Amino acid sequence: MNLFIEENRHRSERADLESDSRILWSPSIGRECPGDLDEAPGFETPSKVGVLSGRRPPICDRGRIPEQGPLVREAYRQALTYDLRRERRARVLRIARTIALVVATPLLLALVFVASYALTLIASGATPEELMGLMAGFLERVAGFAGELAMLG
(Lines give C-alpha, C1' and ligand atoms only; values in the text may rest on other atoms or scores of the structure.)
Protein backbone atom coordinates (compact mmCIF):
# COMPACT_ATOMS: atom_id res chain seq x y z
CA MET A 1 0.00 0.00 0.00
CA ASN A 2 1.57 3.29 -1.11
CA LEU A 3 0.57 6.20 1.13
CA PHE A 4 2.43 8.77 -0.93
CA ILE A 5 0.26 8.88 -4.03
CA GLU A 6 -0.02 12.45 -5.22
CA GLU A 7 -3.40 13.48 -6.59
CA ASN A 8 -3.66 15.67 -9.67
CA ARG A 9 -5.10 18.53 -7.62
CA HIS A 10 -2.13 18.48 -5.19
CA ARG A 11 0.33 18.15 -8.06
CA SER A 12 -1.09 21.27 -9.77
CA GLU A 13 -1.05 23.25 -6.47
CA ARG A 14 2.58 22.29 -5.87
CA ALA A 15 3.50 23.22 -9.44
CA ASP A 16 1.79 26.61 -9.02
CA LEU A 17 3.70 27.30 -5.80
CA GLU A 18 7.01 26.32 -7.39
CA SER A 19 6.37 28.51 -10.43
CA ASP A 20 5.40 31.45 -8.18
CA SER A 21 8.60 31.11 -6.19
CA ARG A 22 10.63 30.99 -9.42
CA ILE A 23 8.92 34.17 -10.59
CA LEU A 24 9.47 36.00 -7.29
CA TRP A 25 13.07 34.89 -6.97
CA SER A 26 15.11 33.62 -9.86
CA PRO A 27 18.88 33.17 -10.24
CA SER A 28 19.05 35.86 -12.92
CA ILE A 29 17.95 38.53 -10.45
CA GLY A 30 20.70 40.35 -8.62
CA ARG A 31 24.39 39.81 -8.83
CA GLU A 32 26.40 36.74 -8.01
CA CYS A 33 27.53 36.30 -4.43
CA PRO A 34 31.26 36.58 -3.89
CA GLY A 35 33.11 33.53 -2.67
CA ASP A 36 32.62 29.86 -3.27
CA LEU A 37 29.22 29.34 -1.63
CA ASP A 38 28.09 26.44 -3.81
CA GLU A 39 30.13 23.96 -1.79
CA ALA A 40 29.09 25.38 1.59
CA PRO A 41 27.01 22.97 3.68
CA GLY A 42 23.33 23.88 3.66
CA PHE A 43 23.69 26.24 0.68
CA GLU A 44 20.61 26.53 -1.48
CA THR A 45 20.52 28.07 -4.90
CA PRO A 46 18.60 31.35 -5.21
CA SER A 47 15.82 29.60 -7.15
CA LYS A 48 14.95 27.67 -3.97
CA VAL A 49 15.01 30.78 -1.81
CA GLY A 50 12.21 33.28 -1.97
CA VAL A 51 9.34 35.10 -0.41
CA LEU A 52 6.91 32.20 -0.61
CA SER A 53 9.28 29.63 0.87
CA GLY A 54 9.80 31.70 4.02
CA ARG A 55 13.58 31.53 3.65
CA ARG A 56 15.74 34.60 3.18
CA PRO A 57 17.67 35.32 0.00
CA PRO A 58 21.47 35.57 0.08
CA ILE A 59 22.72 38.85 1.57
CA CYS A 60 24.20 40.01 -1.73
CA ASP A 61 20.74 39.82 -3.39
CA ARG A 62 18.70 41.42 -0.62
CA GLY A 63 17.29 44.82 -1.44
CA ARG A 64 17.00 44.14 -5.15
CA ILE A 65 13.60 44.16 -6.80
CA PRO A 66 13.08 41.67 -9.65
CA GLU A 67 12.72 43.01 -13.17
CA GLN A 68 9.46 41.12 -13.79
CA GLY A 69 5.89 42.32 -14.23
CA PRO A 70 4.46 45.17 -12.13
CA LEU A 71 2.40 42.85 -9.89
CA VAL A 72 5.41 40.73 -9.03
CA ARG A 73 7.54 43.80 -8.38
CA GLU A 74 4.87 45.26 -6.08
CA ALA A 75 4.47 41.97 -4.17
CA TYR A 76 8.22 41.67 -3.78
CA ARG A 77 8.53 45.31 -2.73
CA GLN A 78 5.88 44.79 -0.05
CA ALA A 79 7.63 41.66 1.22
CA LEU A 80 10.98 43.45 1.28
CA THR A 81 9.50 46.46 3.10
CA TYR A 82 7.93 44.17 5.69
CA ASP A 83 11.21 42.29 6.16
CA LEU A 84 13.21 45.52 6.61
CA ARG A 85 10.65 46.86 9.09
CA ARG A 86 10.75 43.60 11.05
CA GLU A 87 14.56 43.69 11.17
CA ARG A 88 14.54 47.32 12.36
CA ARG A 89 11.97 46.52 15.08
CA ALA A 90 14.01 43.50 16.21
CA ARG A 91 17.17 45.64 16.39
CA VAL A 92 15.40 48.32 18.47
CA LEU A 93 13.96 45.70 20.83
CA ARG A 94 17.38 44.07 21.18
CA ILE A 95 18.92 47.43 22.16
CA ALA A 96 16.05 48.16 24.59
CA ARG A 97 16.47 44.75 26.25
CA THR A 98 20.19 45.34 26.65
CA ILE A 99 19.67 48.77 28.22
CA ALA A 100 16.96 47.38 30.52
CA LEU A 101 19.30 44.60 31.62
CA VAL A 102 22.14 47.03 32.31
CA VAL A 103 19.85 49.26 34.39
CA ALA A 104 17.77 46.56 36.10
CA THR A 105 20.63 44.37 37.32
CA PRO A 106 22.22 46.91 39.71
CA LEU A 107 18.80 48.05 40.91
CA LEU A 108 17.81 44.47 41.66
CA LEU A 109 21.05 43.87 43.54
CA ALA A 110 20.51 47.03 45.61
CA LEU A 111 16.94 45.98 46.39
CA VAL A 112 18.10 42.52 47.52
CA PHE A 113 20.78 44.11 49.70
CA VAL A 114 18.31 46.48 51.39
CA ALA A 115 15.82 43.65 51.93
CA SER A 116 18.49 41.41 53.45
CA TYR A 117 19.62 44.28 55.71
CA ALA A 118 16.04 44.82 56.89
CA LEU A 119 15.50 41.10 57.47
CA THR A 120 18.76 40.90 59.43
CA LEU A 121 17.58 43.75 61.66
CA ILE A 122 14.24 42.04 62.17
CA ALA A 123 15.97 38.74 62.99
CA SER A 124 18.12 40.60 65.53
CA GLY A 125 14.94 41.66 67.36
CA ALA A 126 14.59 45.30 66.23
CA THR A 127 11.21 46.92 66.81
CA PRO A 128 9.46 48.62 63.89
CA GLU A 129 10.49 52.07 65.19
CA GLU A 130 14.14 50.99 65.49
CA LEU A 131 13.96 49.44 62.03
CA MET A 132 12.69 52.69 60.49
CA GLY A 133 15.36 54.71 62.29
CA LEU A 134 18.15 52.36 61.18
CA MET A 135 16.85 52.32 57.59
CA ALA A 136 16.72 56.15 57.54
CA GLY A 137 20.32 56.24 58.81
CA PHE A 138 21.31 53.72 56.15
CA LEU A 139 19.74 55.86 53.40
CA GLU A 140 21.55 58.96 54.73
CA ARG A 141 24.89 57.10 54.57
CA VAL A 142 24.16 55.95 51.01
CA ALA A 143 23.22 59.51 49.98
CA GLY A 144 26.43 60.85 51.56
CA PHE A 145 28.50 58.24 49.75
CA ALA A 146 26.81 59.10 46.44
CA GLY A 147 27.54 62.80 47.06
CA GLU A 148 31.23 62.07 47.68
CA LEU A 149 31.38 60.04 44.45
CA ALA A 150 29.79 62.93 42.55
CA MET A 151 32.43 65.34 43.89
CA LEU A 152 35.26 63.03 42.83
CA GLY A 153 33.87 62.52 39.32
Side-chain angles (χ1 to χ4, degrees), residues 13-14 16-153:
E13 288 175 1
R14 185 175 49 80
D16 288 343
L17 284 175
E18 287 177 359
S19 68
D20 287 347
S21 69
R22 276 194 299 272
I23 289 172
L24 286 175
W25 195 263
S26 67
S28 63
I29 299 169
R31 56 192 185 278
E32 293 297 318
C33 292
D36 193 18
L37 297 177
D38 291 331
E39 285 80 35
F43 175 76
E44 294 180 79
T45 60
S47 63
K48 293 181 183 176
V49 179
V51 175
L52 295 179
S53 68
R55 286 171 275 173
R56 297 173 65 145
I59 291 177
C60 59
D61 285 336
R62 288 180 58 215
R64 298 211 12 115
I65 297 175
E67 284 85 20
Q68 302 285 331
L71 293 177
V72 173
R73 278 197 307 258
E74 184 60 31
Y76 189 77
R77 181 176 287 119
Q78 290 173 353
L80 183 64
T81 303
Y82 173 76
D83 188 42
L84 293 175
R85 222 180 292 138
R86 185 174 54 85
E87 284 180 10
R88 189 177 310 123
R89 187 178 314 122
R91 185 174 43 241
V92 167
L93 288 176
R94 198 169 36 246
I95 291 170
R97 276 193 308 264
T98 304
I99 291 172
L101 183 67
V102 166
V103 170
T105 302
L107 290 177
L108 184 64
L109 287 173
L111 181 68
V112 167
F113 178 76
V114 169
S116 67
Y117 179 65
L119 289 174
T120 303
L121 291 175
I122 291 171
S124 298
T127 63
E129 292 80 22
E130 292 173 341
L131 179 66
M132 292 312 245
L134 291 171
M135 291 301 284
F138 173 72
L139 290 178
E140 288 175 12
R141 284 187 300 228
V142 169
F145 180 70
E148 288 178 17
L149 283 179
M151 285 184 184
L152 293 177

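Small disclaimer: the values here were computed from a predicted structure and weren't measured.
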Legend entry - Those residues that, when tested against Phe145, pass ring pair (Phe, Tyr, Trp, His ring centres under 6.0 Å) (two or more places apart): none

Legend entry - Nearest heavy-atom neighbours spanning Glu130 and Gly125: OE1-O, 4.3 Å

Inset, instruction - Only one of Val102, Ile95, Leu101 passes side chain to side chain contact (heavy atoms under 4.5 Å, CB included) with Ile99; say which it is. - result: Ile95

Inset, instruction - Can you see which heavy atom on Leu131 is nearest to which on Ala126, and at what distance? - result: N-CB, 4.5 Å

Legend entry - Rounded distance [0.5 Å steps], CG in Leu80 versus CZ in Arg85: 10.5 Å

Inset, instruction - Enter the distance from Arg88:CZ to Asp83:CG here, rounded to the nearest 0.5 Å. - result: 11.0 Å

Scan the side chains in residues 146-153 for donor-acceptor partners under 3.5 Å anywhere in the protein, sequence neighbours excluded, and list what turns up.
none

Inset, instruction - Quick one: which residue pairs count as a ring-ring contact (aromatic ring centres under 6.0 Å, His included) with a foot in residues 87-132, not counting sequence neighbours? - result: Phe113-Phe138, Tyr117-Phe138

Inset, instruction - Would you sort out whether Glu129 and Met132 count as a side chain to side chain contact (heavy atoms under 4.5 Å, CB included), showing the intermediate values? - result: CA-CA 5 Å; Glu129 292 80 22; Met132 292 312 245; 5.9 Å; no

Legend entry - Interatomic spacing from CG in Leu139 to CG in Leu134 - rounded to 0.5 Å: 11.0 Å

